[in-house]
Amino acid sequence: MASAKPSIPKGTRDFSPIEMAKRNHIFDTIKSVFKTYGYQPIETPAMETLSTLLGKYGDEGDRLLFKILNSGDFTKGIDPSSISSDNANALSTQICEKGLRYDLTVPFARFVVQYRNGITFPFKRYQIQPVWRADRPQKGRYREFYQCDVDVIGSNSLLNEVELILIIDEVFRKLGVNNTIKLNNRKILSGMVQVVGEAERLIDITVAIDKIDKIGIEAVNREFAEKGVSQKAIGQLQPIILLQGTNNEKLDLLTTALATSEVGLAGIEEMRSIFKNLESIEGLTTTVELDLSLARGLNYYTGSIFEVKANDMAMGSICGGGRYDDLTGIFGLKDMSGVGVSFGADRIYDVMEHLNIFPESLLASSQVMFANFGEKEAVYCLPILHKLRSLGVSAELYPDSVKMKKQFNYAHKKNIQFVAIVGESEMQKGEISIKNMSTGEQETINKQDIQNFLQRELS
RNA sequence: GUGGAUGUAGCUCAGCUGGUUAGAGCGCUGGAUUGUGGUUCCAGAGGUCGCCGGUUCGAGUCCGGUCUUCCACCCCA
């Protein structure tokens, strides 16, 4: 019987040992930085109750939710006519009560509300787990991908924003990814639309502005007009959108432009505070720039918004986030402001792979391999291997007594730096021949000296 | 969800207006070299041409469907 070719669903991936080594390098780096800043890990289930997820990401987000079919007799009580109707959405809410998580922020909000009595605030947590979106896949866009979230909730202080910028800077410096942090503030955007008298079209206007880099100012203006923004307002928006200069110059100009908007001025003050605090930090490698065209679609953001782009490769944002004043409100907990960012591990991977900047040491399995000359020699090597491992040197013995050519090739393929050779003559003299695979040099040392030799060479 | 491309060996790709037994490079296996990888030389093994159906004497090639990957929109990590 012919079996179907094995395959995995669209937009999902398998990871080989080499890919895992690289992915773990990213996760480990991110985790270690998060810990340095006092954040603690949590995990939440892959699936959430659908009502937890629906309505939190806008209509577009609802469409991209993966829904889980109820178990058992899920057709019970369903009106047969609803099955043939066009409205699949209405049907799905009848037969699905769970969905796969779409991001880590909303489950985090649910977590905070659910365990509020046991949590000490401000609560600083990080969370590294996969999320799922029923999007159409492209490069850098998957249906299953990992987010690495850091959030602090229960604190209004703008020092948290500063801290997040430092975290972003440190993560990407450690990974060797050149990047630019773009910063904006929802309050400034609100102020902008208020000043031009189009406050009710905040979303439409910001979504259009967000595309300015891509489609240009004329196309953005055309989109404004299509959405019903008045010509007068469009005219007034031009100088604001096209503001140039340093961050402080932009803020000064904005202060004049948004003078009549209370929220707008509040947003400007927040940005000023953040930039001022950043000035006191030395050694920041990332460029932080105020980008008024940055909008971000997620509608729960209320204050600062962040987005990080890789400088050396065209790719969507590799990190993004912002402040949300009332995310927990929808779950019944008011006045709980939070701010956080999410690192896109899969996109960071794609960038690092494309730029070929993963450290080579990641590829090695063991640091030293003992060649196998036969059972007698192999048994003789076992205690030496045991000793090396206890000293933290990863060591392996080639399991089969096959041709040297094959064994050396194995070591070469697996990027093992040293091959130890213990054949009959070495055994008799109590020696070990050891070959450095990258230089090709080989020397013979006393059996006892191998620990020192390797520890010196590998350091 | 809308529009457009793509799929041939493990990988990257050739394959003419449909016509014998579908090719190359790299990789892989073996040998030259029975205690030495990365270079060289020789030999060899890998393919239901994504899948299903149609047109035809004949389909990798044309047509329809489907799946995958990719691009644009949308949105986003």
Side-chain angles (χ1 to χ4, degrees), chain A residues 2-13 16 26 30 57-65 86 88-89 102-105 128-149 203 207-208 210-211 214-215 219 223 294-299 305-310 314-321 340-351 369-374 377 398 401-427 433-442 444:
Chain A
S3 55
K5 256 187 189 165
S7 65
I8 56 176
K10 184 201 287 212
T12 65
R13 294 148 303 152
S16 67
I26 294 172
I30 288 174
Y57 310 104
D59 293 342
E60 184 70 13
D62 285 355
R63 186 173 66 74
L64 297 177
L65 282 174
D86 296 336
N89 248 347
Y102 177 90
D103 71 357
L104 301 177
T105 308
I128 298 179
Q129 292 191 271
V131 303
W132 294 268
R133 297 183 187 177
D135 211 345
R136 194 180 280 204
Q138 287 181 24
K139 196 196 292 288
R141 173 180 299 199
Y142 307 100
R143 289 186 144 188
E144 177 185 61
F145 61 96
Y146 274 71
Q147 291 195 326
C148 312
D149 272 34
I203 303 285
V207 164
D210 199 40
K211 299 177 196 161
K214 212 170 186 176
I215 62 177
E223 194 164 324
L294 174 59
R296 295 193 64 75
L298 257 35
N299 51 21
I305 41 186
F306 306 90
E307 193 161 288
V308 182
K309 294 237 173 190
M315 168 70 78
S317 54
I318 52 178
C319 178
V341 295
S342 178
F343 291 81
D346 303 85
R347 285 189 178 174
I348 294 171
Y349 181 100
D350 289 344
V351 169
M369 182 197 88
F370 280 67
N372 188 327
F373 283 86
E377 292 87 344
Y398 195 90
S401 167
V402 295
K403 279 184 190 159
M404 278 308 110
K405 181 185 171 74
K406 196 175 167 80
Q407 300 193 32
F408 271 78
N409 205 316
Y410 172 87
H412 172 70
K413 285 277 169 56
K414 292 191 74 181
N415 268 286
I416 296 173
Q417 205 187 339
F418 291 96
V419 175
I421 301 140
V422 186
E424 202 172 342
S425 63
E426 282 90 352
M427 255 175 82
S433 294
I434 188 150
K435 175 163 181 170
N436 183 329
M437 294 293 279
S438 45
T439 64
E441 285 165 16
Q442 179 169 328
T444 302

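Proteins get letters first, then strands, A, B, ... in listed order; numbering begins at 1 in each.
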inquiry  = As a quick check of understanding, evaluate side chain to side chain contact (heavy atoms under 4.5 Å, CB included) for Arg133(A) and Tyr102(A), giving each step before the final call.
reply    = CA-CA 6 Å; Arg133(A) 297 183 187 177; Tyr102(A) 177 90; 3.6 Å; yes
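- Protein atom CZ of Phe418(A) is 15 Å distant from nucleotide atom C1' of rU36(B), rounded to whole Å.
- Side-chain proximity of Gln147(A) to rA77(B), rG38(B), rC75(B): nearest is rA77(B).
- Heavy atoms of Met404(A) sit under 4.0 angstrom from primed sugar atoms or phosphate atoms, though from no base atom.
- Using a 4.5 Å cut-off on side-chain heavy atoms (C-beta onward), Lys211(A) and Glu223(A) make contact.
- Of the N and O atoms on the side chains of Glu426(A) and Ser433(A), at least one donor lies less than 3.5 Å from an acceptor on the other residue.
- The distance between atom CZ of Phe408(A) and atom P of rG35(B), rounded to the nearest whole Å, is 12 Å.
- Taking the nucleotide of RNA chain B with the nearest heavy atom to each of Ile318(A) and Glu223(A), the more 5' of the two is matched to Glu223(A).
- Among the atoms of the strands shown, none is found under 4.0 Å from any heavy atom of Gly58(A).
- Among the heavy atoms of the strands lying under 4.0 Å from Cys319(A) are primed sugar atoms or P, OP1, OP2 only; no base atom is included.
- As judged by a 4.0 angstrom heavy-atom cut-off over every strand, Glu426(A) is placed among the base-contacting residues.
- Place Arg136(A) and Glu441(A) on RNA chain B by their nearest nucleotides, and Arg136(A) ends up nearer the 5' end.
- When heavy atoms are screened at a 4.0 angstrom cut-off, Lys414(A) is found touching no nucleic acid atom at all.
- Atom CG of Leu65(A) is separated from atom P of rC76(B) by 13 Å (rounded to the nearest Å).
- Within the 4.0 Å cut-off from OP1 or OP2 of rG31(B), not a single side-chain nitrogen or oxygen of Lys405(A) is found.
- Remark: the separation of the P atoms in rA24(B) and rC67(B) is 35 Å, to the nearest Å.
- On a pure distance criterion of 3.5 Å, no polar donor-acceptor pair joins the side chain of Arg63(A) and the base of rC74(B).
- Here the C1' atom of nucleotide rA77(B) and the CE atom of Met315(A) are 10 Å apart, to the nearest Å.
- In this structure the side chain of Asp350(A) reaches within 4.5 angstrom of the side chain of Tyr142(A), judged on heavy atoms.
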ask   = So Met404(A) and Ile421(A), side chain to side chain contact (heavy atoms under 4.5 Å, CB included) or not? Walk me through it.
value = CA-CA 10 Å; Met404(A) 278 308 110; Ile421(A) 301 140; 5.7 Å; no
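- Between the base of rG35(B) and the side chain of Gln442(A) there is no donor-acceptor pair shorter than 3.5 Å.
- No engagement by Gly374(A) is indicated, since no non-hydrogen atom pair under 4.0 Å with the nucleic acid exists.
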request  = Please lay out, stage by stage, how Asn436(A) and Gln417(A) fare under the test side chain to side chain contact (heavy atoms under 4.5 Å, CB included).
outcome  = CA-CA 6 Å; Asn436(A) 183 329; Gln417(A) 205 187 339; 4.2 Å; yes
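- In this model, a side-chain donor or acceptor of Arg133(A) finds a partner on the base of rA77(B) within 3.5 Å.
- Residue contacts shown for Tyr146(A) are absent, as no nucleic acid heavy atom lies under 4.0 Å away.
- Annotation: rG7(B) and rG60(B) have their C1' atoms spaced 11 Å apart (nearest Å).
- Among the atoms of the strands shown, only primed sugar atoms or phosphate atoms (P, OP1, OP2) are found under 4.0 Å from some heavy atom of Asn409(A).
- With contacts defined as side-chain heavy-atom distances shorter than 4.5 Å, the pair Phe408(A)/Lys435(A) qualifies.
- Taking the O4'-C1'-N9-C4 or O4'-C1'-N1-C2 dihedral as appropriate, rG10(B) has a value more than 90° from 0 and is therefore anti.
- A donor and an acceptor atom sit less than 3.5 Å apart, one in the side chain of Lys435(A) and one in the base of rG37(B).
- Separating the CZ atom of Phe306(A) from the P atom of rA77(B) is a distance of 14 Å, rounded to the nearest angstrom.
- The base of rG35(B) sits within donor-acceptor range of the side chain of Ser425(A), with an N or O pair under 3.5 Å.
- One atom, NZ of Lys139(A), and another, P of rU68(B), lie 18 Å apart when rounded to the nearest Å.
- For the pair Phe343(A)/Ile318(A), no side-chain contact is recorded, criterion being any heavy-atom separation below 4.5 Å from C-beta on.
- When each of rC70(B), rC75(B), rU36(B) is scored by its nearest atom to the side-chain atoms of Ile421(A), the top-ranked nucleotide is rU36(B).
- Within 4.0 Å (heavy atoms only), Tyr410(A) reaches no atom of the nucleic acid at all.
- To the nearest angstrom, P of rA72(B) lies 14 Å from CD1 of Ile215(A).
- Gly140(A) comes within 4.0 angstrom of a nucleotide base, judged by non-hydrogen atoms across all strands.
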query = Using Watson-Crick and G-U wobble pairs with both distances under 3.5 Å, what is the 5'-to-3' dot-bracket string of RNA chain B, with [ ] for crossing pairs and | for pairs outside the strand?
reply = (((((.(..((((.....[...)))).(((((.......))))).....(((((..]....)))))).)))))....
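- Counting heavy-atom neighbours within 6.0 Å of Glu424(A) CD, excluding the residue itself, gives a total of 12 or less.
- In this model, the phosphate group of rC74(B) is approached by a side-chain N or O of Lys211(A) to a distance below 4.0 Å at OP1 or OP2.
- Aromatic stacking of Phe145(A) on rA77(B): satisfied, with centres closer than 5.5 Å and planes within an angle under 30 degrees.
- Between Tyr398(A) and Tyr410(A), the ring-plane angle classifies as perpendicular under the 30° and 60° cut-offs.
- Looking at Arg141(A), its side chain comes within 3.5 Å of the base of rC75(B) through a donor and an acceptor atom.
- A donor and an acceptor atom never sit less than 3.5 Å apart when one is taken from the side chain of Gln138(A) and the other from the base of rU69(B).
- The separation between Asp135(A) atom CG and rA72(B) atom C1' is 13 Å, rounded to whole Å.
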